[in-house]
Asks: 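Encoded as structure tokens, here's the structure I'll be asking about.
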There are 2 protein chains.
Amino acid sequence: MIRTKLESRLVGARKNLPKGAKAVLEALQKAPGMLSARDLSFRMKLSHHTKEEQSKSPGLTTIYRSLELLTRQGLVQAVSFGDQEKRYEVVEPGCHNHHLVCKSCKKSIKLRECLLASLEETIKRDYGFSVSEHLLELFGTCQSCELGTNLDNTDRR
Amino acid sequence: MIRTKLESRLVGARKNLPKGAKAVLEALQKAPGMLSARDLSFRMKLSHHTKEEQSKSPGLTTIYRSLELLTRQGLVQAVSFGDQEKRYEVVEPGCHNHHLVCKSCKKSIKLRECLLASLEETIKRDYGFSVSEHLLELFGTCQSCELGTNLDNTDRR
DNA sequence: TCATAACTGAAAACGGTTTCCATTTTCTCT
DNA sequence: AGAGAAAATGGAAACCGTTTTCAGTTATGA
């Protein structure tokens, strides 16, 4: 069977990811929240133990490339908070999340559903505009920070 | 009367803006849409005619500082589309806008009202989270691009 | 008018991301 | 298994928007 690598990826999807991308996906799955590329690189190095092993974890370039690939495949979502740095998280294939980001403890809560899905037809009606993508992140204070009961200072984005 | 410059700014608000900030605000008011800092710098230079005058238009540093000041005062809004570059636009003091950004003609339409205002109490109820800020931009295709009737190619962001 | 605070701009630093390019790994077909 | 092609990789450099630094200028208030 003649089939380019690109083609088999489209068929096999996440089965035949390059080694680097697999490693990135795994690291991202283990992570407690969203990670920047640099965070990822750091965590992946730590998860190896000997110095030799550490040198085996993918370089930043590969991490960026893998994130791009995984994002294209819909396995990972890039999240932008309006600052320079993008964060990444694993998603249900093809789905996306929005977040409540606590400005105090920096933790983020995933919204259980996309608030905009229903609004997009209203927009089509009112503005004649077909929405295909959107950016939505909410910032504020989470319950435990508001009540002062939050004892966990982990900066867990 | 003893009053620091900072204090009088808080009182006089937009009256006694520094020269650079005034110029930036004016340029932003004249602009057809959102402008990046670099766009602004470019346009401000063009709006002066002789070489000598051009050298009088504020440098990039001052532009960034002015934008920061104007944003703090609520006269200008920084808009993030999830890419590197921030764009700025004049707003009704203290208000904010969201946009429908056409991926084809790059023009953006201001939403007539904030779609989230009503949702924020739902969020408080469902998640115990108090939203104080949010990021919302919508991307897709505007009516004239969809119908193929858009003859205007101006990249007017 | 003098002293101080505010403002400005050029250049350098910065931080996240992308590109370049030479090397290594993996795949595919015999 | 082996040869040749395609894909993947990593370090260094480039990039790009933004911020900082610092020295000089301008405005303000007593």
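A, B, ... follow the sequence lines: proteins, then strands. Residue 1 opens every chain.
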Asks: Measure the distance from CZ on A:Arg65 to P on C:dT19 and round it to the nearest whole Å.
Replies: 10 Å
Asks: Angle between ring planes, A:His98 versus A:His134, binned at 30° and 60°: parallel, tilted or perpendicular?
Replies: tilted
Asks: From the set D:dG17, C:dG9, D:dT9, return the single nucleotide nearest to any side-chain atom of B:Arg38.
Replies: D:dG17
Asks: Calculate the interatomic distance between A:Glu85 atom CD and D:dG17 atom C1'; express it in whole Å.
Replies: 15 Å
Asks: Looking only at the side chain of A:Thr62 (C-beta and beyond, no hydrogens), which of the listed nucleotides D:dG17, D:dG10, C:dT8 gets closest?
Replies: D:dG10
Asks: According to a hydrophobic-cluster definition based on side-chain heavy atoms being under 4.5 Å apart (Ile, Leu, Val, Met, Phe, Trp, Tyr only), do B:Leu75 and B:Leu67 belong together?
Replies: yes
Asks: Is the B:Phe81 ring parallel, tilted or perpendicular to the B:His99 ring (thresholds 30°, 60°)?
Replies: perpendicular
Asks: Taking only side-chain N and O atoms of A:Thr61, does any of them lie within less than 4.0 angstrom of OP1 or OP2 on D:dT9?
Replies: no
Asks: Less than 4.0 angstrom from a charged side-chain N to a carboxylate O is my criterion; do A:Glu133 and B:Lys103 meet it?
Replies: yes
Asks: Between C:dT8 atom P and B:Leu69 atom CG, what is the distance in whole Å?
Replies: 9 Å
Asks: When the distance from CG of A:Leu25 to P of D:dA8 is rounded to whole Å, what number comes out?
Replies: 15 Å
Asks: Let me know the distance between CD1 of B:Ile63 and C1' of C:dC7, rounded to the nearest Å.
Replies: 15 Å
Asks: Can you measure A:Tyr64 atom OH to C:dT17 atom C1' for me and round it to whole angstrom units?
Replies: 5 Å
Asks: Once you round it to whole Å, what is the distance between C1' of C:dG9 and CE of B:Met44?
Replies: 14 Å
Asks: Counting side-chain heavy atoms from C-beta on, which of C:dG9, D:dG11, D:dT18 comes nearest to B:Leu60?
Replies: D:dT18
Asks: Would you kindly give the CD-to-P distance between B:Gln84 and D:dC15, to the nearest whole Å?
Replies: 15 Å
Asks: Measure from the side chain of A:Pro58, starting at C-beta and using heavy atoms only, and say which of D:dA8, D:dT19, D:dG10 lies closest.
Replies: D:dG10
